[in-house]
Structures are given as structure tokens and as C-alpha cells.
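The block underneath contains the structure these notes are about, expressed in C-alpha cells.
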Protein chains: 2
Amino acid sequence: MSLSESAPRSPVRERILSTATALFDAYGVRAVGVDRIIAESGVAKATLYAHFRSKDELVLTCLQQADHNRRDYLRQMARAAGEDPRDQLLGVFDALRTITVREGFRGCAFVNTAGEMMPGTAPHTATAEHKRAVRTWLTELAAAAGAADPELLALQFSVLVDGTLAAASLHPGPAVAEAAREAARTLIEQSCPARRAKGPRAKGPRTDGPGADGPGAG
Amino acid sequence: MSLSESAPRSPVRERILSTATALFDAYGVRAVGVDRIIAESGVAKATLYAHFRSKDELVLTCLQQADHNRRDYLRQMARAAGEDPRDQLLGVFDALRTITVREGFRGCAFVNTAGEMMPGTAPHTATAEHKRAVRTWLTELAAAAGAADPELLALQFSVLVDGTLAAASLHPGPAVAEAAREAARTLIEQSCPARRAKGPRAKGPRTDGPGADGPGAG
DNA sequence: GGGCGGTCGGACAGACCTGTCCGTGCGCTG
DNA sequence: CAGCGCACGGACAGGTCTGTCCGACCGCCC
């Protein structure tokens, strides 16, 4: 939704993008220089600047790609969690569990990047739009689940999602995502008046369902 | 708890610390150079390096000071929320509301800093310890509130706290903190078996209770 | 008055950063 | 074969960063 615009395909370009994304995720945008990106992607500096006007534009493009990958992955995991929209909402936390448990997970790439930039800059805005897009999707899911106040429930889920990514980066392991999932389940039960108290809902898929998330980190 | 060690008092030192904290909060640790810190604090570079061995040590000291201030503030706001431990737990979100609503709020200073550093570095470790200390405190509160599983509830609250700080930095306004507070209320009601369903609990103090939070940001 | 600790202002070294520019080579197409 | 597009390696400019060092000043205590 947020974009995709003109996306020229090129193997070199993709290599630069995936290398840059990996390095940015692992060390932070500011800590990674273009020299390192070209060294690790085996590309000449002139080539990088032929494909991207500046490092900032490269950062932004990485974020846009990650936005697409992340939202795709969330949708896949939600769908894999079942037919019931309530189960699909919980599927989000199955995705989070997989993401946060990965070796080298260092928190939400969007939030980390936004934390290094001032509000109003392109990457900061892209982060805000990514989060807003996820929240909009959560709102639809919450409405389908029969939530009394879908906007509120979606906002609460957004908080749980961002909190899971932040907390898990400092407290490694699946405990954070699992606790957040339980919290989400409670919120759903309290917020969706329809046939509640059916006993503990089926746990749903806990291990990796659909394919990988792409190079995205949190 | 986590520290305080040898803390030499000096007006110049305090001035450097408060200026550095403000700049780090506003722009990120990596975006702020020592030249800017000395310029805005009106201090000679040699003086800064007489008080702090390196910029890293300055960053770490700022974080330690912020840890102290933030935890103090949370305790104050919890106490101000009432006698009932359940209300005190909700008081945390009154604090978050005040924090996130401040002009120029840019997210949790700890998480932002950790996001710029590799795991294992001093600032990253300090962030993890700060969050762990807060969680330990929340566990005590949850136990006092009669939670069936105080550790779980505290972890869920940690997620809500971190999520509120992250989400509110991208979605300004009080809505995030207020939604998180409602979620917290639901979790408490479901987790603390004692006299539940007393109707909607008193809203508690919504506006700023105790004094300022010091220079801390999120 | 004299010494001294703390601070100031600024120059400086060495490293690193982004972005530009050059000449070279390789593969494809006409 | 000739021409062209694309990528290569690497030098370079101009700026910024951290951290060191030096001389001077100022207030305080002996």
C-alpha cells in the first residue's frame, strides 16, 4: 500500500540491498558506512551510487523493502493461524516469536532506524507509515473478530507488537513473545463479546509456519 | 540498585551530564559529537575529558543517571496512584502518559541507545539491566496485587511499557498510553483473582502527579 | 604575595565518512 | 570486429569525528 513505485530489478541492486539491510539490521544505519556495504556486497562504490543517489536513499529503499516483507510475513502467519479472525490475531504473535528468537535479533529495524533519525526525515516517516499500515490491518482483523472497539484493540496490539520487539531484543528468548501472546489472548477474550469463555483456545502453530521473512529484522 | 558507585559532585560535571542527556535524547548518541556537547554546555573540551575518560563513558554515565531518575519517577507515580497495588500498577501508565506526551518525545532513550550499540557493549548492557530492574519491581507489585503469576504479569507489563514508548514516539499524543493503560487494566482484572468485577475501577490520577522526571526521555 | 587546581580556548593528529571521478575490462549486440 | 552498457578498483576531495595537548586565566587557600 504505502509504496513500491518504480522498482528497477537488477541482480547487483538486489545484492546491494540485501547486504545493506543485513548490515543495517546488525549494526545500525549510522554505524555502517558505504565502504563496508560495497566491500561485503562485492560491488564498486560507483555502482552503488549509480543505483542509489545517496546513502539516505539506500536506507529508505531498504526500509521500503522491509515494510513489504514484514507485512507479507505477518499476513501469512495470520492466515496460517486459522480461519477465526481471533486466531489470526494471535498468529501475529507466532510471527513475533519466530522473529525475536532468531540469532542476532537486535530489535525492530524500523524503530531502531527511526531512533537514529529526527522526526520528519524520510526514514522516520517511513517507519511511522509502516506502523500505521500494520495497525490499519490489525484494525480490520479486530473488526472481523467482532471487537467492541476495533481501533482500540488494534492500538493495543500495536503496543504489544512494538513492545515485544523492543523487550525481546534486551531479554532474548521466546518468553517475551509468548507472554505477549497470552496478553493478546486475554485482550481478545475481553474485547470480543461473541461466544467467549470457550476455555483456553487452541494454541495454534507455534513453530515456523510459512516461509522466511526475508532479510527483515524485527 | 544497579549502581551509583563513585559519583563525584561538581557543577560543571552536572552541566555536562544534563546537556549531553538532552542532546542524546533529542538526536541520538551517535548523531551528537562532543564538540556540540561542549559548545552547548559552555565547557572546554579538556574539561569534558577531565571528567569523563571518553564519550562512551559519558554516554554510560548519562544512562546510569537516567536509570535512577526513571525508576524514581515510576515509583513516585505508582505511589501517587493509590494504596491498592493494582492501582499502583496502573500508575505506571499515568507516568507513561506524561512522558510520551512531552514535546520532542522521541522514544525510550535506553532502547534508542541500545539500538545504536552492539549487544555486550556497556550501554547495551546498562539498558538491559534497567529494563530488568523495572521488571523486577513490576513483579513485586504484581505479587502484591495478588496476581496468579506475578512474573508473567510483570513481563506483560514490561512489553506494554516498552511498546507504549516505541509506539508513542511514532504516533504522538496520549492515545497510545491510554490504550495501554486500558490493556493493563484488563490484564490485571484477569490475572488477579481477588475481588474482581467491581465494575470499572476508579480512573486514578490522569494528570501529572509528582514532580518532573528529570531530563530523562522515555 | 605566591602557588595551585580547575577551567578556558583553540590547535592538532589520525581516523573515518560521504560522494565524485578516473581509467579499465568484460560481455552482449549489431 | 566495433560499439556500448555496465561494473570494476581505487584515488581523491572535503568534511566530521574523537581524543590530546598547550598556554593562559582566575579564584582560593596558605
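Chain letters run A, B, ... following the sequence lines, proteins first, then strands; residues in each count from 1.
- If you measure from atom CD of A:E14 to atom P of D:dA7, you get 12 Å, rounded to the nearest angstrom.
- Atom CZ of A:R13 is separated from atom P of D:dC6 by 14 Å (rounded to the nearest Å).
- Sorted by first and then second residue, the salt bridge (Lys or Arg N to Asp or Glu O under 4.0 Å) pairs involving residues 33-54 of chain B (not counting sequence neighbours) are B:D35-B:K45, B:R36-B:E40, B:R53-B:E57.
- Within the 4.0 Å cut-off from OP1 or OP2 of C:dT7, at least one side-chain nitrogen or oxygen of B:H51 is found.
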_Contact pattern, 5' to 3', of nucleotides 8-28 of chain C - B, S or - by protein heavy atom under 4.0 Å_ = BB--------BBBB-------
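- Around atom NE2 of A:H68, no more than 12 heavy atoms belonging to other residues, nucleotides or ligands sit under 6.0 Å away.
- Between the CG atom of B:L48 and the C1' atom of C:dG6 there is a distance of 14 Å, given to the nearest Å.
- Annotation: salt bridge (Lys or Arg N to Asp or Glu O under 4.0 Å) contacts involving residues 159-177 of chain B, sequence neighbours excluded, comprise B:K131-B:D162.
- B:I38 has its CD1 atom 17 Å from the P atom of D:dC21, to the nearest Å.
- Side chains of B:R71 and B:H130: a donor-acceptor N/O pair is absent below 3.5 angstrom, by distance only.
- Under the side chain to side chain donor-acceptor pair (under 3.5 Å) test applied with B:R181, the options B:T186, B:T164, B:D94 reduce to a single match, B:D94.
- Here the C1' atom of nucleotide D:dC8 and the CD1 atom of A:I16 are 12 Å apart, to the nearest Å.
- Between the side chain of B:T47 and the main chain of B:V43, no donor-acceptor pair closer than 3.5 Å is present.
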